[in-house]
Amino acid sequence: MNTSAGEFLTFKTPGGYTRSVPVDRLVFNEHSCSQSGTSYYFKEMGELENDPYNSTRLSQTTAEELNRYKKLYSSVPVTFTSSD
């Protein structure tokens, strides 16, 4: 699904703040950890960034919610990261 250039999504950050993010700067992230399993995040690329892997974590979510957003916004990049 294509999104309009002016479309924003609003998230609650871990610090309790509300943040609106332009969809064209949004990144979906699935993070695998050998100790804690898989976590799911909404991330944001900075104004000058073009590599989704350099995006900043905004908010943690569930697999179900992330999958719902992935279907709604198929143009948003999805990154897969891991740690031990």
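The residues of the chain are indexed from 1 along the displayed sequence. What you see is a predicted model; the values in this text were computed from it and never measured.
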> Do you see a donor-acceptor pair shorter than 3.5 Å between the side chains of S39 and H31?
no
> Test of understanding: with side chain to side chain donor-acceptor pair (under 3.5 Å), list the residues that count as partners of E65, not counting sequence neighbours.
T61
> Sequence neighbours excluded, which residues qualify as side chain to side chain contact (heavy atoms under 4.5 Å, CB included) partners of R19?
T13, V21, E44, L58
> Which pairs with one or both residues in residues 25-34 pass salt bridge (Lys or Arg N to Asp or Glu O under 4.0 Å), sequence neighbours excluded?
E30-K70
> According to side chain to side chain contact (heavy atoms under 4.5 Å, CB included), who are the partners of D51, at least two apart in sequence or on a separate chain?
Y53, N54
> Considering only heavy atoms from C-beta outward, does the side chain of T79 approach that of F28 to under 4.5 Å?
no
> My understanding is that only residues two or more places apart in sequence, or in another chain, count here; which of them pass ring-ring contact (aromatic ring centres under 6.0 Å, His included) with Y69?
F42
> By the rule that ILVMFWY residues connect when side-chain heavy atoms come within less than 4.5 angstrom, directly or transitively, which residues belong alongside V27?
M45
> State which residues pass ring-ring contact (aromatic ring centres under 6.0 Å, His included) with F80; sequence neighbours excluded, sorted by chain then number.
none
> Is there a side-chain contact between L26 and L9 (heavy atoms, below 4.5 Å)?
yes
> Do L72 and Y41 share a hydrophobic cluster (ILVMFWY, side-chain heavy atoms under 4.5 Å, transitive)?
no
> Partners of T62 by side chain to side chain donor-acceptor pair (under 3.5 Å), sequence neighbours excluded?
none
> What distance separates S55 OG from N50 CG, expressed to the nearest 0.5 Å?
12.0 Å
> Which residues pass the side chain to side chain contact (heavy atoms under 4.5 Å, CB included) test with S20, sequence neighbours left out?
F8, T10
> Report the residues that fulfil side chain to side chain contact (heavy atoms under 4.5 Å, CB included) with S36, sequence neighbours left out, ordered by chain and then residue number.
C33
